[in-house]
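Letters A, B, ... mirror the listed sequences (proteins, then strands); counts begin at 1. None of these values were measured; they are calculated from a predicted model.
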Amino acid sequence: MTRGTRFFLAGSAFVAVLGVGTGLVAYYNGGLPLGLSRGPQTDLAYIPADAAAVGHADVQAIMNSDFRQKLRQVLPTGEELGKFKEELGVDIEHDIHTVTAAYLGGDHPGIGNGVVIVRGNFNDVQIEGLATRHGAVAEEYKGKRVLAMAEPVGGAVTPDQLAAGQIVAGGHPVAAIAFLEPGVLALGEVAMVRKAIDAGPTGEELLKNVEMSALIDEVRGTGNAWFVARTEALAQHSGMPQEIMDHLPAVTMFAASVHVNGGLRGQLRAEARDDKAAEQLRDVIRGGLAAGKLVSGENPKMNAMLSSLQITGSGKTVGVAFSVPAEMLDLLNGVAAAHQLSTGSPIKK
Amino acid sequence: MADTPRPAPRATGFVYAAMRVFDLSIGEMLWSRRTVFMALVVGLPVLIAIVLRALQAMGAAPISVNNNAVTGPFIFGLMIWVFFLRFSVPVLGVFYGTSLIADEVEDKTITYLFTRPIPRGAILVGKYLAYLACTIFVVLPSVVVVWLLIVPMGGSLGANFMDLLKDLGLLALGLAVYGAVFALIGAAMKRPLLSGLVFVLGWEPIAVAMPGYLKRLSVAYYIQGLVPHAMPQNSPMSLIQDIFREVPGFAESLIWLVVIMVLCLWLAARTVTRREYVLEQ
């Protein structure tokens with residue numbers, strides 16, 4: 001073997017080993033330092049690694065969609081939105097860009113184990129002023145401003161209690177809001193908000209949860225709103241009805257995504273424990289679809305919508321794809337307009 | 001001092017002989033014109049990966065199909081399927097595998113090999129190992145580079161690492177099986193390159209798409225049974241799945257691929273041992 005051949009083989013082996021080694025480090029760490037493992041992860045920022053369920057919605061894309069415009073004609077806007085804007089200076093339709101929510105299972109029992117990360121245009125001073133007027137106490141946690149809003153057992157929160165975490169031990173979750181960075185807020189129970197601050201802005205923390213991040217990778221590109229959950233971790237402390245809990249062991253992972261545009265298109269996906277459980281789940285869905293068709297009778301629109309439901313997946317994967325066409329919304333608009341005419345209320349344009 | 005007759009050289013062992021032929025052949029194979037072709041074949045996916053990554057860095061809108069953004073792991077899975085498994089691996093197998101013996105016959109140098117005190121079968125096995133090393137050392141680094149460039153576009157390296165390992169194993173196995181099949185064709189047929197191209201570009205695509213048992217007479221049928229990517233449902237990838245809906249199980253595919261490889265290699269070595277190659281003057 002010549003020297004050149006040896007150099008070539010050594011070089012090739014070096015490239016392959018370097019790449020595989022990089023993958024191995026990423027596999028065990030969930031990510032690579034210096035942001036080398038992937039592009040920006042703004043949608044996963046501040047989400048702790050032990051999340052049992054994560055959901056994300058591109059609110060602005062949904063609000064700007066034709067679907068939303070059609071839905072607006074059907075649904076009332078409400079005065080609460082106006083109040084919200086007046087008090088907080090936040091127009092939900094225009095100022096909120098994305099919302100990411102996580103539920104932390106495992107060692108954190110209780111329904112208050114969620115944290116919501118909201119991105120948008122916020123007036124921090126106005127929000128803090130309103131919170132303080134309602135008795136919120138401010139603290140600095142790792143350089144971020146946190147406002148604890150609720151009153152625990154035994155009276156109002158004091159800064160000392162907040163710092164010592166005594167308010168959580170009192171048994172009442174304390175709602176908190178944190179200003180993570182300009183235009184980014186965290187909402188949730190104070191301990192959860194602190195965990196979000198601990199997780200940091202890179203989104204790399206959640207990548208350490210390989211199982212969860214693999215599932216997120218599969219659904220995040222398929223719609224402008226998605227949700228993934230590890231059902232076992234989710235069920236542990238969620239307070240779900242026993243009837244549902246009994247069936248959960250058959251499903252290990254659950255994912256859903258929706259793409260809102262002219263119409264509504266989405267998919268639900270579940271990873272069953274084994275092939276048999278998956279087949280049973282498919283049978284249940286088929287039965288549900290058949291019952292739906294029976295009930296809908298000769299209604300062509302409803303039949304069209306039910307026909308758009310497709311059962312997909314093979315092996316342990318069970319999926320359902322669905323779509324609500326824009327025509328269906330036009331039909332709803334027509335029904336709403338007829339109802340408003342009959343009641344004499346003005347029709348929204 | 002009386003002249004003592006020089007003892008006849010002892011026949012070399014099969015493995016040692018094969019390794020000597022391997023050592024001799026790998027350099028020849030690596031620095032041949034075929035390597036330029038191989039570099040083009042495996043360089044194209046790398047080039048596409050660089051372009052996609054550059055576009056992303058410049059802030060271009062992500063690729064989308066039916067308004068769905070396509071993520072890096074999906075693109076990587078598609079590239080493995082289309083560029084490597086369906087094209088590069090069989091074509092490299094044809095070009096290198098058929099030439100193992102045919103080139104020596106064409107260059108009229110096979111006589112020099114056959115006159116050495118080594119088993120004839122070891123010549124083929126040595127050359128086959130050289131082909132395997134040559135292609136694996138070019139194709140696998142290319143796949144790793146594509147993976148490093150593409151998967152981070154909306155995907156996680158850690159989460160997709162196991163799929164990479166399966167892909168690398170699958171490609172190595174594919175190169176080994178196709179190489180063995182075409183080594184046999186090269187050893188047994190007069191115009192092996194043409195026959196090989198007909199097999200890869202004509203027979204296999206038709207056989208795999210045909211209903212019935214015909215597909216079992218192709219390598220591609222068993223290769224696709226090992227493709228590890230859980231291809232997303234309700235996506236363009238599911239169209240590919242629909243085309244190749246009937247795929248064998250993992251164990252069945254693996255067993256058959258190993259059987260095909262060993263059988264073809266044994267038959268090729270047997271053919272080289274028994275066949276009398278007539279060199280054209």
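- By number of non-hydrogen pairs under 4.5 angstrom with chain B, the leading residue of A:Ser12, A:Gly4, A:Ala16, A:Ala13 is A:Ser12.
- With a 4.5 Å cut-off on non-hydrogen atoms, B:Val143 does not touch chain A at all.
- Inspection of non-hydrogen atoms places B:Phe137, B:Val138 of residues 126-140 of chain B under 4.5 Å from chain A.
- Listed by first and then second residue, the salt bridge (charged side-chain N to carboxylate O under 4.0 Å, His left out) pairs involving residues 14-32 of chain B amount to none (not counting sequence neighbours).
- With a 4.5 Å cut-off on side-chain heavy atoms, B:Val146 and B:Ile80 do not count as touching.
- With B:Tyr221 contributing its side chain and B:Ser253 its backbone, the two residues share no donor-acceptor pair below 3.5 Å.
- Ring orientation note: the planes of B:Phe37 and B:Phe95 are tilted relative to one another, at an angle of 30° to 60°.
- Rounding to the nearest 0.5 Å gives a distance of 7.5 Å between CG of A:Asp283 and CD of A:Gln280.
- Taking a 6.0 Å sphere around CH2 of B:Trp31, one finds it holds more than 12 heavy atoms contributed by other residues, nucleotides or ligands.
- At most 12 heavy atoms of other shown residues, nucleotides or ligands fall within 6.0 angstrom of atom CZ in B:Arg116.
- Of the two parts of B:Leu165, only the side chain, counted from C-beta on, holds a non-hydrogen atom closer than 4.5 Å to a non-hydrogen atom of chain A.
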